[in-house]
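Sharing a structure below in structure tokens format, with a few things to ask.
Naming: A, B, ... by sequence-line order, numbering from 1 per chain.
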Number of protein chains: 2
Amino acid sequence: MTDRQEQWLAAEQLALTLTEGGMQRMAARTLAVFLFTDRESVTAGEIIEQLEASAGSVSSAIKSLLTVGLIERLPAPGSRREHYQLRENAWATLFTSQNAVIQAMLQAAAAGIATTASSDPAHQRLTQMHDFYEFLLGEIPTLLDRWHQQSEPSTPRDHRRA
Amino acid sequence: MTDRQEQWLAAEQLALTLTEGGMQRMAARTLAVFLFTDRESVTAGEIIEQLEASAGSVSSAIKSLLTVGLIERLPAPGSRREHYQLRENAWATLFTSQNAVIQAMLQAAAAGIATTASSDPAHQRLTQMHDFYEFLLGEIPTLLDRWHQQSEPSTPRDHRRA
DNA sequence: CAGAGTGTTCAGTAATTTCTGAACATACGG
DNA sequence: CCGTATGTTCAGAAATTACTGAACACTCTG
């Protein structure tokens, strides 16, 4: 098997993982193309060809990736085709999108706490849950700060293991 | 509307959120019951009644929650029914289960890196992705340590906002 | 402004996931 | 032990989700 074939296998594998993590199937496969392509930017046609999918499904996948900020439309280079590429901080964005989930969990917990007496065992459980997710939510910005400091500095050091 | 009804609404809301986050529907609803019930422990029959679901689906939901360690079977208190309850650190467990996803992403990235030349733009993208998830994976244990320190100390301070 | 190349939308269909119901297993109680 | 209450499994039904294909819209080009 050629390297190229292995690459697309790895890409589909990644897409599967993303799908299990809650991402829509075609969006995940499309994202994988953006990651594994050997070009700087990609057009819808190229994605259609690579995934052997319909224009319709690719169109909506691109739309959703744009919406969540994982890819961006390139300023049209005079061509008739739209070009897209993976955004710089796509992975941090993907991670951050979990915040919405955490927020929702917090709200659900708060709603439950508001309607239970403190003697109710549920009150305790809900409070524990609430505290945990509140903690998480507070830690994430710090975490991303640390990441940006580690990856962005003007003297990019070598990350590889010894 | 009574408080009790509001509570179950909040519970179903939470279940929906969990489902969007990738959890199976009935497992999510069952987990919500464990969280919002006013009892110390719950039996399958009570869940069936609360969710108006079939014995079969509740049985498999309980099984999967047990498998991932979110609930535990209580030492039978002489009764014929099995009793279950939410485990102490359920939320941390749920959060930690994301590690598997991160691991898979790392592997996919590594597989792609291995088959691309460093001149290939994909090589760069994959390396960035790999570095990010490696960073994340390294931070999570620290994060949970901090949580346990904050929540477990013998002098449990007041978490509420001023 | 007509024609060709792209992109988008959406109704219908295909595939997948999820739930149910009933048969089967298990264990307690008398 | 037998009967009953409870739990589990699994094939099929129901519901949901995802994809396609074709009609429509837009935009550049000559």
Donor-acceptor contact below 3.5 Å, side chain S59(A) vs main chain A55(A): no
Backbone N/O of A15(A) and side chain of T19(A): donor-acceptor pair under 3.5 Å: yes
Pairs meeting criterion salt bridge (Lys or Arg N to Asp or Glu O under 4.0 Å) with involvement of residues 12-25 of chain A, two or more places apart: E12(A)-R29(A)
Euclidean distance, atom CD of residue E49(B) to atom P of dA5(D) [Å, nearest integer]: 17 Å
From E46(B) atom CD to H83(B) atom NE2, the distance as rounded to the nearest 0.5 Å: 6.5 Å
Taking N or O atoms only and anything under 3.5 Å, show me the protein contacts with nucleotides 11-15 of chain C, one pair per line.
none

Nearest-Å distance for atom pair CD1/C1', residues I62(B) and dT9(D): 14 Å
Integer-rounded Å distance: dC19(D) C1' and L51(A) CG: 13 Å
L74(A) CG - dT6(C) P separation (whole Å): 17 Å
Candidate list L126(B), T115(B), I113(B), test side chain to side chain contact (heavy atoms under 4.5 Å, CB included), partner Q7(A), passing option: T115(B)
Strand contacts (DNA chain D) in residues 20-33 of chain A, 4.0 angstrom heavy-atom criterion: Q24(A), R25(A), M26(A)
Distance in angstrom units between I47(A) CD1 and dT8(C) P, rounded: 11 Å
Minimum-distance nucleotide to A55(B) side chain [options: dT8(C), dT8(D), dG21(D)]: dT8(D)
Side-chain N,O (S57(A)) to OP1/OP2 (dC19(D)) below 4.0 Å: no
Length of the line joining E82(A):CD and dG5(C):P, which is rounded to integer Å: 18 Å
Spacing of H83(B) atom NE2 relative to dA5(D) atom P, expressed in whole Å: 16 Å
Distance-only donor-acceptor check, side chains S57(A) and S54(A), under 3.5 Å: yes
Verdict with supporting geometry, L70(A) and W91(A), side-chain contact (heavy atoms from CB on, under 4.5 Å): CA-CA 8 Å; L70(A) 289 174; W91(A) 305 110; over 6 Å; no
Closest nucleotide among dT9(C), dT20(D), dG7(D) to the S59(A) side chain: dT9(C)
Residues Q128(A) and E88(B): side-chain donor-acceptor under 3.5 angstrom: yes
Donor on one side chain, acceptor on other, E72(A) and Q85(A), under 3.5 Å: yes
Phosphate contact (dT9(C) OP1 or OP2) by K63(A) side-chain N/O below 4.0 Å: yes
Spacing between R81(A) atom CZ and dA4(C) atom C1', to the nearest angstrom: 13 Å
